[in-house]
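For reference, the structure discussed in these notes is given below.
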Amino acid sequence: MSDDNQAPRAPTGTHDVLPPESWRWQRFVDDFARRADRFGFGMVHTPIFEDARVFRRGIGDESEVVGKEMYEFEDRGGRQLALRPEGTASIVRAFVQHRPATPWRAWYVTPSFRYERPQAGRYRQHHQVGVEALGSEDPDVDVEVISLAWGFLTGLGLDQVTLQLNSMGCATCRPAYVDELRNLLASRVDELCDEHAERYAINPLRVLDCKKAPCIAVTEDAPKIAEALCESCRGHHDRVRVGLVDLGIDFVENPRLVRGFDYYTRTTFEFSSGALEGAQNAVGGGGRYDGLVEMLGGPPTPGIGFGIGIERALLALDAEGVPPELPPVPSAFVVDLTGGEAARAIVARLRGLGHKVERAYDGRSMKSQMKAADRSGAPVALIIGAEEAATGSVTIRMLRQEAEQRTVAVDALLADVETTGVIG
RNA sequence: GUGGUCGUAGCUCAGCUGGCAGAGCGCCGGGAUGUGGCCCCGGAGGUCGCGGGUUCGAGCCCCGUCGAUCACCCCA
C-alpha cells in the first residue's frame, strides 16, 4: 500500500491462471459441463454480486462465511451488495425471480469470495463448479446429484476421495434435537472449548463440528441426529443410502458432518481427499435445502445441490500424482523467409480447415523461426523461402520423425489436408 | 483475527565474521551466406520488496512497513 512505485499485483489471496495451467481449468470445466448436461442440468449465469440479504437470509448471519468473511460494499446508489461467497443462494434467488417450471436443474461455474487469511488451498477468490436441482424431494434426486459429483471427481483421476454422508433433519425433527443438544451442552458448558462455551447456544450443531478435544469428548456422549430423525426424514435418508449402495458409490456416515451454511436440511455430504493435508481436504460438498426458496421469498420448493472447488480439486490431483494434461500442440508451424505474406495466407487457409497452426513474426532469421517451430511442439514445419514463394509451393519438413523433406504446391497441400485431415 | 518462515535477474537459487551483484534455466543473437532439438560463443535483463537507522562502507546488522508462504480458526 505504501509502496507507491511498486508495480501492481493481484490482490492478496487471488491468483492469475495462465497457460498451461489454464488448460487444466478449461478441461475441468468442459468435463463438468458435459456430465451436467448428461444429467439434464442447464448452465446458469448469475451476477457475482447480489443484494447482501440474499446471502444473509439464506446462509445465515451467524455463519462464519457471512458474519466474518463476506465481501460487502455499498454501491454509488446506496445499495448494500455482497460478492458471492458460495454458489447456491444466487441460483435460488434467480429461481425465485424467474419462476421457471419445476423440476429445474441448473449447473454453474463461478468465482466465490471470502475474506480469509490465504493458505494452501484457501483463497480470497476461489472457483467452484456446481449444480442445483429444485422442485423435487425425491431421494433419487439426492442420489443423482451425489453420483454426478462422485463420477466427476473419480473421473478426473482422484482415487483417494471419501464421501461422507449425514442427515440434518427437517423443520419437524431438527428443532427438538437442537433443543436436546443445547440442554446437554448447557449442562456441561464448563467442559467445552473456550469458543463454544460462549457460543454453543446460538447454533449448538456447530459444536458437533468442533475439532478440539474438549468439545469432542462432550459431543461423543451426545445423541446423534441420525437417531433423532422423524419418520419421514428417516425414510428419506434410508432411500438415499440404498440408492448410493445400488450405484456402487462408497460412503461413510458421519454424524458430526455439519456444514457451514444454515440452509441445509436432510441430506448433507462432503467429499474429502485423503491426499490433501489437514483441514483443507474438502474438495466439495453440498446438501438439501428444502426451506431456502421460501426464505428468499419464493413458494415452498425443495432443493439440493453441491459445489466443487476447482483449486482444491486440482491440488488433490497434484497430491495424488495425476499428471496435468497439456494443451494440444499445433498441427503445423509456418516458417516464412520472404516477408510474411505467404505465411499469412497459408496459416489462414489451414486454420479455416480447422487446424491449430502457428507461425513466426517480425521477419526473424530462419534459425530463429525453426527454433520457434521446434518449441511449439508442432510435428511439421511448413517452410516458405524465395523459391517456394516464386513457384507457389511449400517445403514440408517433419520435426519429430526421420523423413526426407519435400516441396509441394500449396494447392496440392491444401487439397491433401482437406481429404486426409492431416498436415504433412 | 493469532502465530511461524521467507523476500537477490522472467524462473529456481548462491552470495563467508559487512568490502566492486553471481550461477543454472529461460529469452535474444551468432557458430561459411535457406533448416530446429545436443554442443560452443556472445548479449540483454537487477531501485538486492519498500522506508528509515547504525557504519568510512549494508544484499548481509537494527527498527518499521508491505508482500508471499505455512499453520490455527473456518471452509471449496
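Just so it is clear, the structure is predicted and the values come from calculations on it, not from any experiment. Chain letters run A, B, ... following the sequence lines, proteins first and then strands; every chain starts at 1.
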Does A:Gln405 get its side chain close enough to the base of B:U35, under 3.5 Å, for a donor-acceptor pair? yes
- Task: Could you check whether A:Arg117 gets within reach of a base, just the sugar-phosphate, or nothing at all, counting any heavy atom under 4.0 Å?
- Result: base
Once hydrogens and angles are ignored, does a donor-acceptor distance under 3.5 Å link the base of B:G34 to the side chain of A:Glu388? yes
**Item:** Donor-acceptor pair present, A:Arg206 side chain and B:C74 base, under 3.5 Å
**Value:** no
- Looking at A:Arg122, does any N or O in its side chain come under 4.0 Å of the phosphate oxygens OP1/OP2 on B:C73? no
Can you find a donor-acceptor pair, distance only, under 3.5 Å between A:Arg397 side chain and B:G36 base?
yes
Contact class for A:Ala373 (heavy atom, under 4.0 Å): base, sugar-phosphate, or nothing? nothing
Review point. Hey, is the side chain of A:Gln119 pairing donor to acceptor with the base of B:C74 inside 3.5 Å?
Key: no
Taken to the nearest whole Å, CZ/A:Phe269 to P/B:A76 is 11 Å
Whole-Å distance, A:Leu315 CG to B:A76 P, equals 15 Å
Subject >> Parallel, tilted or perpendicular, as decided by the 30° and 60° cut-offs, for the rings of A:Tyr263 and A:Tyr289 >> reply: perpendicular
For B:A14, the nucleotide meeting Watson-Crick or G-U wobble distances (both under 3.5 Å) is none
Are OP1 or OP2 of B:C74 and a side-chain N or O of A:Lys68 less than 4.0 angstrom apart? no
Whether the side chain of A:Glu270 and the base of B:A76 hold a donor-acceptor pair under 3.5 Å is what I'd like checked. no
Could you tell me whether a side-chain N or O of A:Arg124 sits under 3.5 Å from a main-chain N or O of A:Tyr115, the two making a donor and an acceptor? no
note: A:Lys367, atom NZ; B:G37, atom C1'; distance rounded to Å ~ 11 Å
message = Give me the distance, rounded to whole Å, that separates B:G45 from B:G22 when you measure between the C1' atoms they each carry.
response = 14 Å
### Message
Can you say whether a donor on the side chain of A:Asp374 sits under 3.5 Å from an acceptor on the base of B:G37, or the other way round?
### Response
no
Item to check | Heavy-atom check, side chain of A:Val109 versus side chain of A:His127, under 4.5 Å | outcome: no
When rounded to whole Å, the CZ to P distance for the pair A:Arg124 and B:A76 reads 18 Å
Under a 3.5 Å limit on both distances, the Watson-Crick or wobble mate of B:C61 is B:G53
Suppose you measure atom P in B:G10 against the same atom in B:G49; what distance do you get, rounded to whole Å?
13 Å
Partner of B:C72 under the Watson-Crick or G-U wobble criteria, both distances under 3.5 Å, comes out as B:G1
Under a 3.5 Å limit on both distances, the Watson-Crick or wobble mate of B:G67 is B:C6
Taking a pair to mean Watson-Crick or G-U wobble geometry with both distances below 3.5 Å, B:G36 pairs with none
